[in-house]
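FYI, the numbering just counts along the sequence from 1.
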Amino acid sequence: MATADTTLRGAVVGTYRALPARVLGWAMVACAAVLAGLTVWDLLSGHRDGALGAVALVVGVAAAAWVLFLRPRAVLHEDGVLLVNLVRDTAVPFAAVDEITHQWALELHDTEGRRHSAWAVPAKRERARPTRLDDYADTTRRRGDGGTTAQTVADEAQRALQRWRLDGGQLDDGATEVVTTPARAAIGALAAAVVLAVLAVLV
């Protein structure tokens, strides 16, 4: 049975995540590491009361950081896009792509009318309405300066789609259907955090 991470056979062109998500994720991991260190110190000092609660907090923060901010990504292949989201992964081959948009996030519309969004690549939100000068700056800005946004990744995916079509449009053994599979590792991490939290409350 095909899974999302084995469906696409083309080489990886790029991996995309928004920078703020990475910063927040690693900050949460750092906080979890500090809490883990303090918990170990308390245990070595003989203070065992509340240890399970402290462990549950450490695991919960680390799991949330990984599932929400560090694991999600959009992986552009030569023959499609792999969307690694919170608790499921979706492989969208170019053979199944009808349109690529970026209104709310990187969005791939398949030939069956379904929309597949990338959690890790949101649209850039402007605090103020852009002026004509801002529009001019955006069009003349050096490529890559805007960071990882839905529009920049959609442009990259659109170019890869055009290259794929110019190279023949189909691979002999290529995938033609969208494949979505549950992210077992992410689900397991969240389940472990919930179980520890429940035990900390009950014990």
Check side-chain hydrogen bond (donor to acceptor under 3.5 Å, both in side chains) between [X] and all other residues, then give those that pass, not counting sequence neighbours.
| X | value |
| --- | --- |
| Asp5 | Thr3 |
| Glu78 | none |
| Thr180 | Thr90 |
| His77 | none |

- request: Report yes if the side chains of Leu108 and Leu83 come closer than 4.5 Å at any heavy-atom pair, otherwise no.
  value: yes
message: Are the side chains of Leu19 and Thr148 in contact, using a 4.5 Å heavy-atom criterion?
response: no
Which atoms form the tightest heavy-atom contact between [X] and [Y], and what is the distance?
| X | Y | answer |
| --- | --- | --- |
| Ala150 | Ala105 | CB-C, 3.5 Å |
| Ala154 | Thr101 | CB-O, 4.2 Å |
| Thr111 | Ala95 | CG2-O, 4.5 Å |
| Ser117 | Glu107 | OG-CG, 3.7 Å |

From [atom1] ([X]) to [atom2] ([Y]), nearest 0.5 Å:
| X | Y | atom1 | atom2 | result |
| --- | --- | --- | --- | --- |
| His109 | Arg114 | NE2 | CZ | 13.0 Å |
| Glu156 | Leu106 | CD | CG | 11.0 Å |
| Arg17 | Arg73 | CZ | CZ | 5.5 Å |
| Thr152 | Lys124 | OG1 | NZ | 9.5 Å |

Side chains of residues 56-72: which donor-acceptor partners sit under 3.5 Å, not counting sequence neighbours?
unit_1	atom_1	unit_2	atom_2	d
Arg71	NH1	Asp89	OD1	3.4
Arg71	NH2	Asn85	O	2.4
Arg71	NH2	Leu86	O	3.4
Arg71	NH2	Asp89	OD1	3.1

message: Can you confirm whether Glu99 is buried at CD, in the sense that more than 12 heavy atoms of other residues, nucleotides or ligands lie under 6.0 Å from that atom?
response: yes
query: Would Leu196 and Leu35 show up in the same hydrophobic cluster when neighbours are defined by side-chain heavy atoms closer than 4.5 Å?
result: no
Identify, with sequence neighbours excluded, every residue that meets side chain to side chain contact (heavy atoms under 4.5 Å, CB included) alongside [X].
| X | result |
| --- | --- |
| Arg184 | none |
| Val198 | Val194, Leu202 |
| Gln158 | Ile100, Leu161, Gln162 |

statement: The complete set of side chain to side chain donor-acceptor pair (under 3.5 Å) pairs with one or both residues in residues 20-43, sequence neighbours excluded, reads none
- request: Considering only Ile, Leu, Val, Met, Phe, Trp and Tyr, and joining two whenever side-chain heavy atoms are under 4.5 Å apart, list the other residues clustered with Val12.
  value: Leu8, Val75, Leu82, Val84
